[in-house]
Amino acid sequence: HVRQQAREILAAFKLGELPQLEATQQLTVGMRDYDLADALVRQGAGAVGMLGSARGTAPEQAMPPLIWATDALALNIEGHGGKVANSAKMLQAGLDVPPFYVLTNTALQQFYAANPQILERTRQLVLGVDPDDELSAGEVEREIKSMMANGTVSPELQASNLGAFKELARQEGYSESELEQFSVADRSSMPGMEDLPGVPAAGIGDTETNVSSNSLITSWVIVLSSLFNRRAIAYRDKMALFFWLRQIDRSQLTRVTELLDRALGDEETFTVPGRILPIPKERLLDRLRRIANAQDVRQLQLDQVYISTKQLLAIFDRIEQLPEGRELAQNLRASLQAQIEQVVDPRNAGMSTLIQVMRQSEVSIVSFSVDKASGWTGYTNGLEVVFFDASYGLGEMIVGGKVNPDRYIVVRRRRADDQYEYVILDKILGTKERKLIYDPNTRKEVEVEVPQEDRDRFALTDEQVLEVA
């Protein structure tokens with residue numbers, strides 16, 4: 001919607017119907033990012049593609065380290081990521097979203113400023129590892145997590161975080177003496193982590209649940225460190241690969257494949273710096289061919305043809321040794337390095353975190369707008385469909401695939417009087433053998449068995465299903 005709106009505004013600007021300042025102001029209303037809007041206007045309508053690739057990871061100078069969900073700044077999806085912006089949007093629209101405040105990407109930058117050695121070492125580790133090698137990436141993840149856990153957080157940020165925590169508790173009806181009974185969830189939100197073909201971005205960052213006042217800072221740093229877990233490092237690498245493939249003439253990769261095959265000769269494997277195990281030569285050549293021959297990069301299943309940027313750089317180094325491959329390797333390396341710097345480099349990786357009132361849910365629901373098995377959306381015949389998975393206790397059991405939940409399909413259709421009609425199309429009883437609950441005595445989450453009578457009934461009534469839909 002924003003992209004279409006931007007095209008219309010930019011077209012009016014190009015036709016002379018809107019002055020530059022007014023065009024920028026109109027764009028900013030939809031994007032909530034004045035600098036990006038201004039850049040789009042200055043570069044003209046041809047720059048509208050920036051809306052699809054702008055990652056907005058650098059913090060705005062005016063963005064404070066802590067903001068509340070009710071603040072208009074919380075709606076900045078480019079600066080905070082979808083989880084913060086969409087949760088704030090729902091809360092501000094009056095939906096029953098647990099209240100929260102946000103430690104913004106500015107807080108992360110302040111953490112780096114107080115611990116410059118951590119950022120520099122993180123850069124060395126992330127840019128030096130092959131994300132496609134899980135053993136090496138796992139070692140990087142553990143070292144970064146340990147470094148950040150031992151980092152320094154400024155007294156000012158600690159004080160403002162605790163003050164906001166106490167205000168949340170007060171809003172929820174807790175007195176100062178009852179503060180130990182109050183807890184929050186610390187949830188990651190990564191700006192710029194776009195869904196890629198066949199590789200969804202959901203669930204990459206960590207969430208810490210049942211966080212007390214004593215563990216506020218510790219939990220925040222743990223969540224921050226998930227910015228560099230194995231999956232996050234690999235995902236940003238795939239983003240860099242995807243944007244690079246859309247930028248270059250992919251027929252060049254056919255030539256790269258031929259040159260690499262010639263350079264390797266009788267060698268059966270290919271060695272990549274920063275990777276423990278070598279890569280079978282034929283697997284590498286096959287993936288290069290499949291990428292080069294794909295009609296549209298967006299139709300590629302990246303997980304099936306993934307070649308890390310580290311592997312590509314090693315390939316360019318190898319074919320550069322051939323006189324006929326030197327110029328091609330240098331040109332491709334330069335364009336890929338630019339994407340790596342913009343997407344993979346930790347200096348440009350951002351995170352905001354939601355500090356949100358913890359709900360000890362009796363039933364948790366995960367919803368989808370598409371059937372996970374068949375891809376059916378129901379949009380044919382004028383239907384809108386939502387799919388629910390529901391089970392007892394906290395939602396981690398569903399998200400982590402640890403339980404067989406109840407499944408519901410709800411459809412809605414607009415009637416002649418413009419009102420919506422909701423119908424439960426189908427529901428399937430799950431086994432729901434176990435649930436995750438919070439034990440107030442130990443202040444820990446524990447996994448327990450679900451009584452048989454609860455397993456044998458649906459976790460939600462039909463009325464509740466329709467209310468959620």
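Throughout, residue positions are numbered sequentially from 1 according to the sequence presented.
Checked for salt-bridge contact, R415 and D418 miss the test: no charged N lies under 4.0 Å from a carboxylate O. Using a 4.0 Å cut-off between charged side-chain N and carboxylate O, D406 and K432 make a salt bridge. Salt bridge annotation for R123-D345: present, with a cationic side-chain nitrogen under 4.0 angstrom from a carboxylate oxygen. Electrostatic pairing of E139 and R142 does not count as a salt bridge here, judged by no charged N lying under 4.0 Å from a carboxylate O. Salt bridge K310/D132: absent, no basic N to carboxylate O contact under 4.0 Å. Between E172 and R359 there is a salt bridge, since a side-chain N of the basic residue sits under 4.0 Å from a carboxylate O of the acidic one. A salt bridge does not link E421 with R413: every distance from a Lys NZ or Arg NE/NH1/NH2 to an Asp or Glu carboxylate oxygen is 4.0 Å or more. Salt-bridge annotation for E141 and R230: present, with a side-chain N of the basic residue lying under 4.0 Å from a carboxylate O of the acidic one.
Across A74 and V84, no two heavy atoms sit closer than the pair O-CG1, 3.6 Å. The heavy-atom pair separating S213 from L162 by the smallest distance is CB-CD1, 4.1 Å. Residue L460 comes nearest to A390 through the heavy atom pair CD1-CB, 3.8 Å, listed as atom of the first residue, atom of the second, then distance.
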Criterion side chain to side chain contact (heavy atoms under 4.5 Å, CB included) on Q110 and E156, from CA distance to verdict: CA-CA 11 Å; Q110 290 180 354; E156 294 79 11; over 6 Å; no

Show your reasoning for whether side chain to side chain contact (heavy atoms under 4.5 Å, CB included) applies to K427 and D462. CA-CA 10 Å; K427 56 183 183 179; D462 288 358; 2.6 Å; yes

S87 vs L354, side chain to side chain contact (heavy atoms under 4.5 Å, CB included): CA-CA, chis, key distance, verdict: CA-CA 9 Å; S87 297; L354 300 81; 3.9 Å; yes

Would V448 and K435 count as a side chain to side chain contact (heavy atoms under 4.5 Å, CB included) here? Give the steps. CA-CA 6 Å; V448 299; K435 62 181 177 180; 3.7 Å; yes

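If you run side chain to side chain contact (heavy atoms under 4.5 Å, CB included) between I409 and each of I428, V465, D426, only D426 comes through.
S215 places no side-chain N or O within 3.5 Å of a backbone atom of T218 that could act as its donor or acceptor partner.
Of the N and O atoms on the side chains of D71 and Y101, not one donor lies less than 3.5 Å from an acceptor on the other residue. No hydrogens or angles considered: a donor-acceptor pair under 3.5 Å links the side chains of Q171 and E167.
Note that CG of D237 and OH of Y306 are 3.5 Å apart. Values are rounded to the nearest 0.5 Å.
In this structure, V211 and W220 have side chains that are not in contact, with every pair of non-hydrogen atoms separated by 4.5 Å or more.
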